Amino acid sequence: MEIKSKVGNRIKDIRERNGKSQKDLAYTADLDRSYIASVENGQRNISIVNLEKIAIALKVSLSELFQGI
């Protein structure tokens, strides 16, 4: 599996575990909902800045975000 898909799946898993919608995550991370969708679908080469925003919004560290990848 490609790294973009692995990261997207990991974000989606954590988001769903926290009971957040893509819209909730997008709002908290100050990103567009369509951007979150494309990241989760492995269609985006996400920047480290946006990875940090998502990690903060999900209340996990960057190392936790990459755990198991």
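Everything numeric here is computed off the predicted structure, so don't read it as measured data.
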Output all residues satisfying side chain to side chain contact (heavy atoms under 4.5 Å, CB included) with Tyr27, sequence neighbours left out; order by chain, then residue number.
->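 Tyr27 satisfies side chain to side chain contact (heavy atoms under 4.5 Å, CB included) with no residue once adjacent residues are dropped.
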According to a 4.5 Å side-chain heavy-atom criterion applied to Ile, Leu, Val, Met, Phe, Trp and Tyr, with indirect links allowed, do Ile3 and Ile11 form part of one hydrophobic cluster?
->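 Same hydrophobic cluster.
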Same cluster (ILVMFWY, side-chain, under 4.5 Å), Ile48 and Val39 =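 Ile48 clusters together with Val39.
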Taking the side chain from [X] and the backbone from [Y], do they hold a donor-acceptor pair closer than 3.5 Å?
X: Asp32; Y: Ser34; result: yes
X: Arg10; Y: Phe66; result: no
X: Asn50; Y: Ile46; result: no
X: Lys53; Y: Ala26; result: no

Rounded to the nearest 0.5 Å, how far apart are [atom1] of [X] and [atom2] of [Y]?
X: Arg33; Y: Ser38; atom1: CZ; atom2: OG; result: 9.5 Å
X: Glu40; Y: Asn9; atom1: CD; atom2: CG; result: 8.5 Å
X: Asp13; Y: Glu16; atom1: CG; atom2: CD; result: 6.5 Å
X: Asp30; Y: Ile54; atom1: CG; atom2: CD1; result: 11.5 Å

Could you tell me whether the side chain of Arg15 reaches within less than 4.5 Å of the side chain of Gln22, counting heavy atoms only?
->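 With C-beta onward as the side chain, the pair touches.
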Does CD belonging to Glu64 count more than 12 external heavy atoms closer than 6.0 Å?
->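 Enclosed.
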More than 12 non-hydrogen atoms from neighbouring residues, nucleotides or ligands closer than 6.0 Å to NZ on Lys12, yes or no?
->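 Atom NZ in Lys12 is not crowded, with 12 or fewer foreign heavy atoms closer than 6.0 Å.
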Please list, chain by chain and in numerical order, all residues satisfying side chain to side chain donor-acceptor pair (under 3.5 Å) with Thr28, sequence neighbours excluded.
->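 Scan of Thr28 (side chain to side chain donor-acceptor pair (under 3.5 Å), adjacent residues dropped) gives none.
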Contact summary for Ala55 and Leu62, nearest pair of heavy atoms |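 Scanning both residues completely, I find the closest heavy atoms to be CB-CD2, 4.0 Å.
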Between Leu58 and Asn18, what is the shortest heavy-atom contact and its length?
->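 Nearest heavy atoms, Leu58 then Asn18: O-ND2, 3.3 Å.
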Just do the side chain to side chain contact (heavy atoms under 4.5 Å, CB included) check on Leu51 and Val7 with the steps written out, would you?
-> CA-CA 9 Å; Leu51 275 173; Val7 170; 3.9 Å; yes
Flag for Glu2-Ser5: side-chain donor and acceptor within less than 3.5 Å |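 There is no such pair (donor and acceptor under 3.5 Å, judged by atom type) between the side chains of Ser5 and Glu2.
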With a 3.5 Å cut-off and no angle check, do the side chains of Asp24 and Ser21 form a donor-acceptor pair?
->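 Present: a donor and an acceptor within the cut-off.
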